[in-house]
Amino acid sequence: MLSQKTRYTIRAFQHLADHWGKGQVQLADIADAQNIPPKFLTVILSEMAREGLLLSQRGRDGGYQLALPPVDISYGDLVRLTRGSLALVPCASRNAHEHCKNCLPEKDCRMRSLMLKVRDDTAAILDRITLADPIASEPIFETEEAAQ
């Protein structure tokens, strides 16, 4: 599962991509439109500005905008920056590899082999899709309709 921070980051970046080329977007506008707590959003956007993905401007007319064109920011970039890895288990991480506790030796672990394939396929998809790519909303599942 993606962390709440990662989900908020993706939604904020989607919002900023929708406003690409239209100037600064105020934090309150992003927070309201994307249903993100403003204090949490402040932390997220500050971190992303330090990473060089956002430009920020203080003041009454200030706000945030993407530092790069949407086509140059992939979803894989955002997940890695907020989550650290795309792997579902530590031993399948390409950049933050750790041996799993209470497991088989890695050379004998078929689950690790499976998780490496999942990680690689996930990376291929998330690195291929950028903020410039249109993503249509999917219909909700029947169980979600019943809950509403």
Side-chain angles (χ1 to χ4, degrees), residues 1-101 103 106 111-112 114-148:
M1 292 279 188
L2 294 177
S3 68
Q4 189 65 52
K5 178 181 179 180
T6 300
R7 293 178 1 220
Y8 284 161
T9 300
I10 289 171
R11 292 195 337 238
F13 270 76
Q14 288 172 329
H15 188 84
L16 290 168
D18 291 344
H19 291 84
W20 173 250
K22 299 176 186 171
Q24 303 282 331
V25 181
Q26 293 189 343
L27 184 133
D29 293 338
I30 301 168
D32 288 343
Q34 297 301 319
N35 194 28
I36 302 171
K39 287 184 180 183
F40 199 2
L41 184 59
T42 300
V43 172
I44 291 169
L45 297 182
S46 295
E47 287 177 12
M48 294 298 109
R50 282 192 300 277
E51 291 291 338
L53 292 181
L54 293 179
L55 300 174
S56 64
Q57 181 178 328
R58 293 181 180 223
R60 190 172 55 106
D61 296 326
Y64 294 88
Q65 63 185 10
L66 298 178
L68 304 168
V71 72
D72 292 332
I73 303 173
S74 75
Y75 285 92
D77 296 332
L78 299 177
V79 173
R80 284 184 192 91
L81 284 170
T82 57
R83 192 169 183 265
S85 173
L86 297 175
L88 298 177
V89 293
C91 66
S93 177
R94 298 282 186 198
N95 299 319
H97 178 270
E98 292 180 23
H99 295 285
C100 294
K101 294 175 176 63
C103 196
E106 287 183 2
M111 185 171 75
R112 177 178 183 266
L114 172 64
M115 292 298 112
L116 281 167
K117 290 176 184 179
V118 170
R119 183 256 170 243
D120 290 346
D121 287 351
T122 300
I125 293 167
L126 291 176
D127 290 339
R128 184 177 62 239
I129 303 172
T130 72
L131 292 173
D133 293 313
I135 299 176
S137 297
E138 294 288 330
I140 59 176
F141 297 116
E142 289 181 30
T143 55
E144 292 173 342
E145 289 174 351
Q148 292 181 355

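Not measured: the values here are computed from a predicted model. Note that these values count all heavy atoms, side chains included, but never hydrogens, waters or copies made by symmetry.
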message = Between His99 and Glu106, is the side-chain hydrogen bond (donor to acceptor under 3.5 Å, both in side chains) condition met? List the steps.
response = CA-CA 8 Å; His99 295 285; Glu106 287 183 2; 2.8 Å; yes

Please name the pair of heavy atoms, one in [X] and one in [Y], separated by the smallest distance, quoted to 0.1 Å.
X: Leu55; Y: Leu66; value: CD1-O, 4.3 Å
X: Ala33; Y: His15; value: CB-CE1, 3.4 Å
X: Ala92; Y: Leu116; value: O-CD2, 3.5 Å
X: Cys100; Y: Val89; value: SG-CB, 4.5 Å
X: Ala12; Y: Leu41; value: CB-CD1, 3.9 Å

Straight-line distance of [X] [atom1] to [Y] [atom2], nearest 0.5 Å:
X: Met111; Y: Cys103; atom1: CE; atom2: SG; result: 5.5 Å
X: Trp20; Y: Leu131; atom1: CH2; atom2: CG; result: 10.5 Å
X: Asp120; Y: Ile125; atom1: CG; atom2: CD1; result: 11.5 Å
X: Leu78; Y: Arg11; atom1: CG; atom2: CZ; result: 13.5 Å
X: Leu81; Y: Ile73; atom1: CG; atom2: CD1; result: 10.0 Å
X: Leu45; Y: Leu54; atom1: CG; atom2: CG; result: 6.0 Å

request  = Say whether, by atom type as modelled, one donor and one acceptor occur between the side chain of Asp77 and the main chain of Ser74 under 3.5 angstrom.
outcome  = yes

ask   = Backbone N or O of Gly76 within a donor-acceptor pair of the Arg80 side chain at under 3.5 Å?
value = yes

Test item: [X] and [Y] side chains (from C-beta on) under 4.5 Å apart, heavy atoms:
X: Leu68; Y: Leu53; value: yes
X: Ile135; Y: Ile129; value: yes
X: Pro38; Y: Leu27; value: yes

inquiry  = Could you tell me if Gln4 and Arg7 have a donor-acceptor pair between their side chains, going purely by distance under 3.5 Å?
reply    = yes

inquiry  = Going by ring-ring contact (aromatic ring centres under 6.0 Å, His included), name the pairs with one or both residues in residues 30-80, residues two or more places apart or in two chains.
reply    = Tyr8-Phe40

key: CA sep, side-chain torsions, deciding dist, call: Arg119, Met115, side-chain contact (heavy atoms from CB on, under 4.5 Å)   = CA-CA 6 Å; Arg119 183 256 170 243; Met115 292 298 112; over 6 Å; no

inquiry  = side-chain contact (heavy atoms from CB on, under 4.5 Å), that's the test. Do Lys5 and Ile44 meet it? Break it down for me.
reply    = CA-CA 7 Å; Lys5 178 181 179 180; Ile44 291 169; 4.1 Å; yes

